[in-house]
Colleague: 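Below: one structure in structure tokens.
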2 protein chains.
Amino acid sequence: MNPIFHALFQKNRYLTNCLNEVLKQHHLYSSQWTILYCLHKNGPMTLTQIWKYLNVEAPSITRAITRLEALGWVQRLDGEDKREKIVTLSTQAEERLPAITATIRAFEEEMVGSLTAEEQEQFLKLLEKMKG
Amino acid sequence: MNPIFHALFQKNRYLTNCLNEVLKQHHLYSSQWTILYCLHKNGPMTLTQIWKYLNVEAPSITRAITRLEALGWVQRLDGEDKREKIVTLSTQAEERLPAITATIRAFEEEMVGSLTAEEQEQFLKLLEKMKG
DNA sequence: AGTATTTATTTAGCTAGGTAAATAATTTTA
DNA sequence: TAAAATTATTTACCTAGCTAAATAAATACT
């Protein structure tokens with residue numbers, strides 16, 4: 001296998017495992033956090049808005065939201081268009097998000113901190129230059 | 001979320017989806033192919049050798065090998081040490097691998113070809129420089 | 001030799017992604 | 001306006017990663 005692919009897949013696995021490890025203290029998985037952060041940043045969103053924003057398929061989001069709702073992090077409200085459900089953060093989630101965000105920032109700093117700002121920019125540029 | 005992480009996770013998803021798409025013609029999933037390639041390159045291996053080489057956990061490999069065996073791509077043979085199973089490619093797999101490898105090479109070329117050799121090297125260096 | 005520890009594999013059960021198809025509500029069109 | 005097409009969400013089921021714990025064989029230690 002092309003070493004670039006190999007390295008990219010490995011790093012991806014490694015980083016998500018680390019992220020999950022770090023999020024354990026908040027009783028969250030990485031992709032749950034991704035959704036909470038998305039809602040925090042954008043306010044209430046429909047399921048479709050969420051999965052289009054995060055670039056995954058609808059069923060992944062349905063499942064994740066069902067779990068997040070059961071755990072009390074979000075609510076599903078009926079939209080004006082009766083087909084759509086609007087997802088909002090619970091007040092509990094709003095309260096906890098600052099602490100979680102701090103954890104994440106520290107983690108990201110640790111992981112990416114070994115690269116200079118210039119290298120980070122270069123890395124992003126190369127990632128985007130890869131076809132897709 | 002840090003844009004580097006975001007971009008890396010997205011690209012990872014995108015590439016594995018593309019890879020699966022391309023491998024459909026050979027009736028394989030990307031991680032099945034990863035294992036076949038590993039065996040092709042290294043010859044017969046125990047399960048432990050495989051998962052250590054690929055940097056994943058043992059149960060993932062057990063499951064994948066079970067499936068590959070059911071589909072006729074590999075065999076599990078008892079080792080001299082009766083605890084270990086030695087995995088070998090079937091002759092059918094050996095016959096088909098060249099065509100599959102060609103497909104993969106073309107795909108990789110298409111994906112990574114937008115980067116110059118220098119950029120590819122740089123990308124790898126940056127990936128490795130990220131903590132982990 | 002007999003017990004304790006380690007090692008290799010497997011099983012069970014979780015999140016997280018995917019596709020295909022079902023359902024219900026809305027829009028378009030004839 | 002009734003039928004057809006589209007859209008939002010869900011359900012069912014697949015691969016693919018993970019951890020924790022079970023099992024069986026080999027090794028180490030009295």
Side-chain angles (χ1 to χ4, degrees), chain A residues 9-24 26-36 38 44-71 73-74 76-87, chain B residues 8-24 26-36 38 45-71 73-74 76-87:
Chain A
F9 291 162
Q10 297 255 15
K11 190 62 81 174
N12 183 81
R13 267 205 306 278
Y14 176 72
L15 287 174
T16 52
N17 289 347
C18 289
L19 197 44
N20 279 327
E21 187 58 38
V22 146
L23 281 170
K24 254 187 195 160
H26 301 288
H27 309 288
L28 276 175
Y29 287 94
S30 55
S31 65
Q32 295 175 325
W33 177 76
T34 303
I35 293 174
L36 296 184
C38 173
M45 298 171 85
T46 67
L47 285 166
T48 299
Q49 286 174 326
I50 296 174
W51 65 259
K52 288 200 169 153
Y53 184 82
L54 295 178
N55 237 297
V56 296
E57 298 302 319
S60 307
I61 296 302
T62 293
R63 192 178 350 84
I65 293 294
T66 301
R67 188 89 184 99
L68 283 172
E69 192 176 29
L71 294 170
W73 291 96
V74 303
R76 259 191 193 88
L77 306 175
D78 281 350
E80 194 149 318
D81 181 333
K82 284 294 193 297
R83 288 171 301 183
E84 62 190 19
K85 304 282 170 65
I86 294 162
V87 185
Chain B
L8 193 140
F9 291 163
Q10 298 255 16
K11 191 61 81 174
N12 183 81
R13 266 205 306 277
Y14 175 72
L15 288 174
T16 51
N17 290 348
C18 289
L19 197 43
N20 280 326
E21 188 57 39
V22 147
L23 281 172
K24 253 186 196 161
H26 301 288
H27 310 287
L28 276 176
Y29 287 94
S30 55
S31 65
Q32 294 175 326
W33 177 76
T34 303
I35 292 173
L36 296 182
C38 174
M45 298 171 86
T46 66
L47 285 167
T48 299
Q49 287 174 326
I50 296 174
W51 64 259
K52 287 199 170 155
Y53 183 82
L54 296 178
N55 238 297
V56 297
E57 297 303 319
S60 306
I61 297 302
T62 293
R63 193 179 350 85
I65 293 294
T66 300
R67 188 89 184 99
L68 283 172
E69 192 175 30
L71 294 170
W73 292 95
V74 303
R76 260 191 193 88
L77 306 175
D78 280 350
E80 193 148 318
D81 180 332
K82 284 292 192 300
R83 288 170 302 182
E84 63 190 21
K85 304 282 172 61
I86 293 163
V87 185

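All heavy atoms count here, side chains included; hydrogens, waters and symmetry mates do not. Naming convention: chains lettered A, B, ... in sequence-line order (proteins, then strands); numbering from 1 in each chain. Everything quoted here is computed from the prediction, not taken from an experiment.
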Colleague: It should be established whether B/Lys85 places a side-chain nitrogen or oxygen under 4.0 Å from OP1 or OP2 of nucleotide C/dT10.
Modeller: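 The answer is yes; a side-chain N or O of B/Lys85 sits under 4.0 Å from OP1 or OP2.
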Colleague: In Å and rounded to the nearest 0.5 Å, what is the OG to CZ distance from B/Ser31 to B/Arg67?
Modeller: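 The OG atom of B/Ser31 sits 11.5 Å away from the CZ atom of B/Arg67.
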Colleague: Output the distance between atom OH (B/Tyr29) and atom CG (B/Leu23), rounded to the nearest 0.5 Å.
Modeller: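 One finds 11.0 Å between OH of B/Tyr29 and CG of B/Leu23.
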Colleague: Could you report the tightest heavy-atom contact between B/Tyr53 and B/Met45, atom names first, then the distance?
Modeller: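 Minimum heavy-atom separation between B/Tyr53 and B/Met45: CB-CE, 4.2 Å.
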Colleague: Counting the atoms with a prime plus P, OP1 and OP2 as sugar-phosphate, which does B/Arg63 contact under 4.0 Å by heavy atoms, base, sugar-phosphate, or nothing?
Modeller: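 Base contact.
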Colleague: Take the protein atom CD of B/Gln10 and the nucleotide atom P of C/dG17, then report the distance between them rounded to whole Å.
Modeller: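 To the nearest whole Å, that distance equals 10 Å.
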Colleague: Return the residues of residues 48-62 of chain A meeting this criterion: a heavy atom under 4.0 Å from some atom of DNA chain D. Order them by number, or give none.
Modeller: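 Contacts with DNA chain D under 4.0 Å: A/Thr48, A/Ala58, A/Pro59, A/Thr62.
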Colleague: Check each of A/Val22, A/Leu15, A/Asn20 against A/Ser30 using the side-chain contact (heavy atoms from CB on, under 4.5 Å) test, and report the only one that passes.
Modeller: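 By the side-chain contact (heavy atoms from CB on, under 4.5 Å) criterion, A/Ser30 pairs with just one of A/Val22, A/Leu15, A/Asn20: A/Asn20.
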Colleague: Quick check for you: to the nearest 0.5 Å, what is the distance between B/Thr66 atom OG1 and B/Ile61 atom CD1?
Modeller: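 One gets 10.5 Å once the value is rounded to the nearest 0.5 Å.
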Colleague: Atom NZ of B/Lys11 and atom C1' of C/dG17: how far apart are they, to the nearest Å?
Modeller: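 Whole-Å distance recorded here is 18 Å.
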Colleague: When rounded to the nearest 0.5 angstrom, what is the spacing between CD1 in A/Ile86 and CD in A/Glu80?
Modeller: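 Between A/Ile86 CD1 and A/Glu80 CD, I get 8.5 Å after rounding to 0.5 Å.
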Colleague: Let me know the distance between CG of A/Asn20 and C1' of C/dT15, rounded to the nearest Å.
Modeller: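 Result: 8 Å.
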Colleague: Could you list all N or O pairs between the protein and nucleotides 24-27 of chain C that sit under 3.5 Å apart?
Modeller:
from: C/dT26; atom 1: OP1; to: A/Lys82; atom 2: N; distance (Å): 3.1
from: C/dT26; atom 1: O4'; to: A/Arg83; atom 2: NE; distance (Å): 3.4

Colleague: If I compare all heavy atoms of A/Gln10 with all of B/Asn55, which pair ends up nearest, and what's the gap?
Modeller: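 Scanning both residues, the minimum pair turns out to be OE1-CB, 2.9 Å.
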Colleague: Can you pull the contact range of chain B along DNA chain D, 5' to 3', using atoms under 4.0 angstrom from its heavy atoms?
Modeller: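 First-to-last contact on DNA chain D, by the 4.0 Å heavy-atom rule, is D/dT15 to D/dA26.
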Colleague: Rounded to the Å, how far apart are B/Leu47 CG and C/dT11 P?
Modeller: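 Rounding to the nearest Å, CG of B/Leu47 and P of C/dT11 are 11 Å apart.
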Colleague: Taking B/Arg76's backbone N and O only, do any of them form a donor-acceptor pair with B/Glu69's side chain (distance below 3.5 Å, no angle check)?
Modeller: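 Flag set: sc B/Glu69 to bb B/Arg76 pair under 3.5 Å.
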Colleague: Within the 4.0 Å heavy-atom criterion, would you say A/Ser30 contacts the bases, only the backbone, or no part of the nucleic acid?
Modeller: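 Touches sugar-phosphate only.
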Colleague: Which atom names give the shortest non-hydrogen contact between A/Ile35 and A/Ile65, and what distance separates them?
Modeller: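 Closest pair (atom of A/Ile35, atom of A/Ile65, distance): CG2-CD1, 3.8 Å.
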Colleague: Which residue, B/Ala64 or A/Lys24, contacts DNA chain D at a nucleotide closer to its 5' end, judged by nearest heavy atom?
Modeller: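 Its nucleotide being nearer the 5' end, the pick is B/Ala64.
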Colleague: Output the rounded distance in Å from OH (A/Tyr29) to C1' (C/dG17).
Modeller: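 A/Tyr29 atom OH is separated from C/dG17 atom C1' by 16 Å.
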Colleague: Going from CG on B/Leu8 to NZ on A/Lys11, what distance comes out if it is rounded to the nearest 0.5 angstrom?
Modeller: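 Rounded to the nearest 0.5 Å, the CG-NZ separation comes out at 9.0 Å.
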Colleague: Once you round it to whole Å, what is the distance between P of C/dG17 and CD of A/Gln32?
Modeller: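 Nearest whole value for this atom pair: 10 Å.
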Colleague: With sugar-phosphate meaning primed atoms plus P, OP1 and OP2, does A/Thr46 contact a base, only sugar-phosphate, or nothing at under 4.0 Å between heavy atoms?
Modeller: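 A/Thr46: backbone/sugar contact only, no base atoms under 4.0 Å.
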Colleague: Which heavy atom of A/Gln49 sits nearest to which heavy atom of A/Thr46, and what is that distance?
Modeller: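 Looking at all heavy atoms of both residues, the closest pair is OE1-N, 2.9 Å.
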Colleague: Applying a 4.0 Å non-hydrogen cut-off, can you work out what B/Asn17 is touching in the nucleic acid: base, sugar-phosphate, or nothing?
Modeller: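 The answer is sugar-phosphate, as B/Asn17 gets under 4.0 Å only of primed atoms, P, OP1 or OP2.
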Colleague: Please round to the nearest 0.5 Å and tell me the distance separating atom CD of B/Gln32 and atom CH2 of B/Trp73.
Modeller: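 Separation between the atoms: 8.5 Å.
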